[in-house]
Protein chains: 4
Amino acid sequence: MKALETLICQLIDEQALSRSTLVYRVFDALLVLVGIGSAVAATQPDLPPFVAAGCLYAIAAIWGWFVLDYLARVWVAPANRDLKDRTLWQIRLEWIQSRNGVIDLGSVLPLAVGLVFAAWTPSGAPLLAVFWISRFARYTTGLDMLWRVLARERQPVLGVFLIFVLVMLLAAVLAYHTERLVQPERFGSLSMALWWAVTTLTTTGYGDSVPTTPFGRLLAGFVMICGITVFGLLAGILATGFSNELRRRDFLRNWDLVAQVPFLHDVGPGTIADLANMLRPREVPARTVLARRGQPGDCMYFIVQGEVEALVKPKPHLMGPGQFFGEIALLTGGPRTATVVTITQCRLLVLDIADFRAIAASRPELLEVIQGEADRRLGIGGLAQPKETLHE
Amino acid sequence: MKALETLICQLIDEQALSRSTLVYRVFDALLVLVGIGSAVAATQPDLPPFVAAGCLYAIAAIWGWFVLDYLARVWVAPANRDLKDRTLWQIRLEWIQSRNGVIDLGSVLPLAVGLVFAAWTPSGAPLLAVFWISRFARYTTGLDMLWRVLARERQPVLGVFLIFVLVMLLAAVLAYHTERLVQPERFGSLSMALWWAVTTLTTTGYGDSVPTTPFGRLLAGFVMICGITVFGLLAGILATGFSNELRRRDFLRNWDLVAQVPFLHDVGPGTIADLANMLRPREVPARTVLARRGQPGDCMYFIVQGEVEALVKPKPHLMGPGQFFGEIALLTGGPRTATVVTITQCRLLVLDIADFRAIAASRPELLEVIQGEADRRLGIGGLAQPKETLHE
Amino acid sequence: MKALETLICQLIDEQALSRSTLVYRVFDALLVLVGIGSAVAATQPDLPPFVAAGCLYAIAAIWGWFVLDYLARVWVAPANRDLKDRTLWQIRLEWIQSRNGVIDLGSVLPLAVGLVFAAWTPSGAPLLAVFWISRFARYTTGLDMLWRVLARERQPVLGVFLIFVLVMLLAAVLAYHTERLVQPERFGSLSMALWWAVTTLTTTGYGDSVPTTPFGRLLAGFVMICGITVFGLLAGILATGFSNELRRRDFLRNWDLVAQVPFLHDVGPGTIADLANMLRPREVPARTVLARRGQPGDCMYFIVQGEVEALVKPKPHLMGPGQFFGEIALLTGGPRTATVVTITQCRLLVLDIADFRAIAASRPELLEVIQGEADRRLGIGGLAQPKETLHE
Amino acid sequence: MKALETLICQLIDEQALSRSTLVYRVFDALLVLVGIGSAVAATQPDLPPFVAAGCLYAIAAIWGWFVLDYLARVWVAPANRDLKDRTLWQIRLEWIQSRNGVIDLGSVLPLAVGLVFAAWTPSGAPLLAVFWISRFARYTTGLDMLWRVLARERQPVLGVFLIFVLVMLLAAVLAYHTERLVQPERFGSLSMALWWAVTTLTTTGYGDSVPTTPFGRLLAGFVMICGITVFGLLAGILATGFSNELRRRDFLRNWDLVAQVPFLHDVGPGTIADLANMLRPREVPARTVLARRGQPGDCMYFIVQGEVEALVKPKPHLMGPGQFFGEIALLTGGPRTATVVTITQCRLLVLDIADFRAIAASRPELLEVIQGEADRRLGIGGLAQPKETLHE
């Protein structure tokens with residue numbers, strides 16, 4: 001029982017990067033694609049009955065697997081968690097209410113509801129399988145960000161939509177009055193005119209209802225130009241909101257990671273805030289080459305989790321959490337002086353050369369600390385590379 | 001009489017967040033939607049006469065209500081205002097000339113004018129009901145901002161439109177010369193060619209007039225590419241303008257609110273300017289939980305108006321305007337140490353954890369003041385949470 | 001002769017804001033619109049002969065006027081200019097080669113060329129009248145800016161167009177191979193397939209050639225998605241370029257104007273650079289009310305050219321170039337203490353209240369200077385308004 | 001043999017700006033255009049046989065040239081390179097694996113493969129000639145930048161596409177259910193409904209399948225609005241990413257170039273970092289006039305490579321790498337005091353007047369150094385221009 005729980009944990013751990021987890025994720029994604037493909041195929045007319053039946057069976061089987069997957073995730077939710085003073089079921093309930101729990105439930109529930117209401121036909125319940133696409137939301141943090149941006153820029157976005165609706169209504173009324181007499185079958189009621197207005201204002205232009213009078217065409221031209229202006233406004237608003245949100249997210253994440261690098265505790269909080277704006281986190285699997293001796297170096301690394309090995313002589317140098325490497329090539333402007341390989345899976349913070357130079361210029365105390373460590377290393381490592389300072 | 005005025009004030013106060021005000025706003029929005037729906041329905045051909053009549057009666061009734069609403073707003077305009085040396089009617093006249101007054105008048109006047117000119121037919125005056133959509137403008141500040149952005153970026157926006165018109169005219173002349181001989185019924189005059197040019201340049205593409213000669217198609221391809229570049233330029237201009245305008249608006253609003261927090265009078269003006277760039281105002285109704293003991297905290301609050309209660313032992317701690325709370329979780333990085341609930345409707349300034357860390361790093365005096373208050377509270381409140389400083 | 005030159009100068013001075021200049025500009029714009037309208041009308045089929053002839057006469061007359069206008073501008077080019085060591089004709093030649101000179105020549109030359117080549121028919125030379133639209137370029141600085149942005153972001157914009165062409169070619173080849181067999185009349189050659197590809201990639205979608213095979217439709221969906229991504233890339237690139245260009249232009253213009261305010265010579269260059277980033281120039285005609293006593297003030301003004309009058313007691317206070325006003329309302333947060341009216345046409349620099357607060361916080365020496373002047377004025381003016389400092 | 005290698009190097013050097021290199025690049029671009037044109041022409045139906053054959057021969061000839069070009073580039077790859085401890089063939093292999101090597105191979109390989117598989121027909125292998133367009137990628141750095149931006153903004157871009165797919169699937173299911181009964185030939189299966197959904201969501205709007213029921217049209221309107229919002233999100237995300245990437249690239253490139261100007265070694269690293277953010281590199285051929293005496297100056301130059309000559313009296317003043325010029329007009333605000341011409345091809349760093357003023361204000365030590373040099377020159381040059389400081 002415990003072994004099964006461990007196995008499931010290995011498969012579905014949402015933070016891990018191990019091989020088995022990745023394989024299971026690919027399998028999960030394939031199931032979603034096959035399921036949606038089957039739902040699409042099942043509605044094809046003139047389908048041989050056995051193919052149609054196969055599609056239905058495939059959907060049913062995948063749905064069954066997703067139900068099992070959901071139950072398993074509920075079951076193992078308490079694993080690897082600190083219980084504190086909560087019971088197992090309280091933790092499970094917490095997971096069910098979490099973002100991923102809601103997504104998973106939302107991908108199995110519609111079909112279950114469809115079954116109850118006897119909608120199990122080619123054009124019925126299987127179509128609910130399209131909701132499975134939301135399972136991909138588990139693997140991207142982009143959706144949360146988009147949601148935050150839309151929420152923050154709520155006021156101007158609503159303003160844009162108000163303009164949109166206002167222009168659409170006015171255009172429809174004017175088109176109704178001018179075009180109705182010429183083509184009553186296209187503009188005979190305000191709802192028909194609204195249909196024309198919305199296809200024009202979004203610049204979709206189906207072409208099924210087109211104004212033919214001179215005034216109608218002038219109006220249409222004006223509506224199209226309003227349409228591209230609305231586009232522009234929307235893009236402008238969202239660009240601004242997105243820019244702010246991205247900066248906020250990176251700052252927060254990096255601050256938490258920087259706090260785990262003991263080496264940086266001595267530099268002032270201002271320097272840490274600057275660094276948190278510049279560092280980029282990166283997850284790398286074991287046995288990855290991070291730097292290759294002789295190649296140009298364009299970044300340095302801080303280790304948050306895991307261990308790396310610098311292949312220097314006389315014997316490799318092991319580095320663990322809280323240490324940094326790759327600074328020598330940045331300080332000297334020369335090539336990498338050693339090859340560095342990850343021993344275990346690592347979580348690193350990457351400082352780009354552009355940002356390194358900017359922060360070294362504005363924060364001399366950080367440069368000093370890094371320079372000191374680099375000097376110490378070049379002395380110890382006995383490397384041929386002559387020591388140089390940044391501006392020489 | 002006074003009682004009626006008070007009742008109306010409660011219903012239509014434009015700043016309030018009370019239940020009765022919100023209910024009236026929803027009612028007002030519903031009236032607008034029903035009115036526009038009726039206007040659309042009334043133009044439907046083959047409508048049973050009694051339904052058509054019902055639509056007209058509905059529009060008339062809603063219009064009547066809006067007239068009453070307008071008169072009521074004019075009447076109560078002086079309520080809750082400082083008279084200074086103006087008469088009641090001077091204040092009313094001011095309201096009539098204000099933004100909301102003009103919007104309200106604009107939503108009742110067209111129909112009144114329509115009535116006078118005997119346009120009371122299904123295809124006539126009711127259509128003016130679509131202007132009612134502008135009543136929604138009362139509830140969003142986004143429109144003002146869009147207007148300011150367009151006004152500020154006037155010059156480059158006009159430049160883009162000039163390019164647009166120039167490309168459109170040139171394309172029309174060229175298409176007229178090349179396509180006229182092949183399809184005279186589509187490109188037989190310059191105005192027909194202009195119609196094609198505008199549908200192509202905005203990438204609407206109705207498909208009712210399409211070039212068929214090789215040169216005409218090359219031209220069309222070029223016009224389409226110009227079209228998406230014009231889009232891009234417009235979006236780029238508006239993005240820049242919007243970004244600047246948003247920063248300006250937030251700064252001004254926050255500065256006024258920060259000035260109402262006496263606690264911040266001791267820190268320097270530079271710190272206040274920084275804070276004004278970071279704080280976000282939030283209106284919360286009474287009895288809302290702002291922080292829950294044991295949950296992670298991602299922001300702190302400054303109280304501008306209203307009162308909140310921290311549920312600490314031995315007895316709840318009441319806080320009023322000019323005080324702040326929620327700083328302990330930000331200082332320690334730990335969970336909230338107390339649950340905080342609003343007693344009355346409150347106007348708060350929210351400082352995000354990302355911004356808190358940035359300002360704490362660059363403005364140590366502000367951190368000191370907040371830290372001092374937090375220490376005092378942790379001593380008084382007798383909470384188990386050990387005192388920690390930011391970088392430990 | 002001299003009098004005529006002066007009169008012409010008054011009409012066509014490109015920098016002036018006088019009434020006669022404005023009237024002439026409106027007249028010029030009307031001529032352009034009438035000319036283009038006549039060119040469009042002249043191509044209308046079934047036009048009564050006398051209307052068609054009227055259109056041609058109108059175009060010829062307007063063209064004649066533009067030729068006269070051009071010659072007049074060449075003639076008066078040296079007026080109000082410092083000759084230095086150039087001859088009159090050297091200055092005239094310089095104007096001919098200037099931006100406005102080229103625009104004006106470009107709006108009269110095509111028609112002259114058309115006349116020579118005997119293209120004076122309804123569908124001929126008049127069409128060249130559409131080039132007159134470029135005369136509007138004289139009144140906007142937006143075009144120059146757009147040009148600079150496109151020039152600066154040349155590299156990535158070319159990259160986007162390369163992607164565009166690559167996707168278009170690949171899509172055309174694939175569509176040609178799959179759709180040719182099903183609808184040879186639509187996709188029978190690569191050039192037909194290219195036509196489909198460009199209408200799809202720009203999301204124009206005429207609908208005259210549409211893929212019908214399953215693979216063709218998959219391909220079309222992919223091409224459309226590429227299309228909106230190309231849109232997005234273009235908008236993103238241009239937004240960035242535009243933002244940088246706008247900041248640069250404002251900085252330069254304001255620096256030059258700030259240099260004309262002697263009052264600011266005492267503050268340091270850093271403060272001037274900050275101010276140049278914040279000030280906005282504004283041209284106002286004579287007898288405009290800039291501030292009204294008792295109303296809230298949201299900006300202060302620096303005078304670059306012209307004179308204004310503050311209507312204070314006992315007698316109006318005149319202010320000229322190099323002085324500033326409107327600072328009291330910003331310092332106290334109260335209403336305007338005096339009404340200020342322009343005596344002559346003025347060129348002002350406007351400092352917004354948001355920017356005033358930001359710069360007052362970061363540059364105390366500027367605040368001190370302004371505060372000192374405000375104190376002096378409140379003492380002199382004998383106004384009731386009590387003196388207050390910014391943070392009290 | 002050596003002479004041939006040198007000749008080839010002169011023709012194809014990827015960094016050079018010499019006349020022969022430029023001529024070869026234009027020739028290469030022409031070959032690509034002719035090749036693609038021939039491929040397009042070869043598929044034209046009803047083509048005279050000899051024209052079709054001519055197209056095929058042209059494609060074959062161009063392909064042959066590209067193969068030769070590729071082999072030549074492989075051969076001369078080691079020229080002008082530092083061998084270090086690699087063999088000639090190791091360097092050649094490195095070039096083959098480099099970005100340009102892959103592009104070139106990709107432009108010759110598809111056709112070679114096509115030959116093997118006997119696809120040498122008008123509708124076959126020649127079509128692979130369209131891949132030649134990728135040869136243009138050699139001349140723009142924009143593609144690399146676009147790739148980096150897309151890679152960095154991966155998460156939110158994926159989020160947008162997930163929203164896109166989700167909306168598309170839901171819209172297709174709903175349209176399938178409502179429209180199927182009315183127009184089974186258009187919405188008879190889910191795949192047909194998906195085709196409608198994608199043309200609507202991208203606002204392409206072919207018009208071949210259009211909803212006709214009231215609910216279907218409401219749905220279509222909603223889908224179109226989602227479409228323009230998706231546009232907006234994408235543009236916003238890419239704008240942000242592009243802005244960051246552009247700043248990073250310019251900073252890095254300029255830092256490397258600034259390091260080659262010995263004059264700047266004395267100013268602090270902070271000033272260098274600021275400069276690196278502001279300078280713009282420019283390549284100019286020999287005998288170009290960079291400044292003309294008497295004209296206004298809007299920038300100053302730092303020489304990285306090459307030599308320039310200031311035409312001052314009594315004899316021209318030669319300047320080489322590490323020197324700067326053009327600062328006098330910026331310091332005095334007056335016109336250029338001398339004409340400056342390039343002697344050889346030069347690599348320059350340009351400092352715009354706006355940036356010069358900003359950096360002079362914030363970095364007085366840099367201003368001092370430049371001012372000192374300018375004073376010295378004005379003394380030596382014996383120019384009439386009186387010496388002035390920046391703020392006088």
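Every chain is numbered from 1 and lettered A, B, ... according to where its sequence line falls, protein lines coming before strand lines.
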B/Phe222 CZ: over 12 foreign heavy atoms closer than 6.0 Å
no
Do any of residues 223-230 of chain B have a heavy atom less than 4.5 Å from a heavy atom of chain C, and if so, which, in residue order?
B/Met224, B/Ile225, B/Ile228, B/Thr229
Options B/Ser189, B/Gly207, B/Gly188, ranked by heavy-atom pairs under 4.5 Å with chain C, top entry
B/Ser189
List the steps, then state whether side chain to side chain donor-acceptor pair (under 3.5 Å) holds for C/Tyr206 with B/Thr199.
CA-CA 9 Å; C/Tyr206 280 133; B/Thr199 56; 5.5 Å; no
Hey, what do you get for CG (B/Leu233) to CG (C/Leu238), rounding to the nearest 0.5 Å?
5.0 Å
Of the backbone (N, CA, C, O) and the side chain (C-beta and beyond), which part of B/Thr200 lies under 4.5 Å from a heavy atom of chain C, both, or neither?
both
Quick one: pull up OG1 in B/Thr203 and CG in C/Leu201 and give me the separation to the nearest 0.5 Å.
11.5 Å
Straight-line distance of C/Asp208 CG to B/Arg217 CZ, nearest 0.5 Å
6.0 Å
Region of C/Asp352 that comes under 4.5 Å of a non-hydrogen atom in chain B
side chain
Under 4.5 Å from any heavy atom of chain C - which part of B/Thr204
backbone
Are there over 12 heavy-atom neighbours, none belonging to B/Arg92, within less than 6.0 Å of that residue's CZ?
yes
Who wins among B/Thr202, B/Leu218, B/Val165, B/Ile237 for the most heavy-atom pairs under 4.5 Å with chain C?
B/Ile237
One option among B/Ser209, B/Gly241, B/Gly236 has the most heavy-atom pairs under 4.5 Å with chain C, and it is B/Gly236
Ring pair (Phe, Tyr, Trp, His ring centres under 6.0 Å) partners for B/Phe231, two or more places apart
A/Phe231, C/Phe231
If you define the side chain from C-beta out and look only at heavy atoms, does anything of C/Trp195 sit under 4.5 Å from B/Val210?
yes
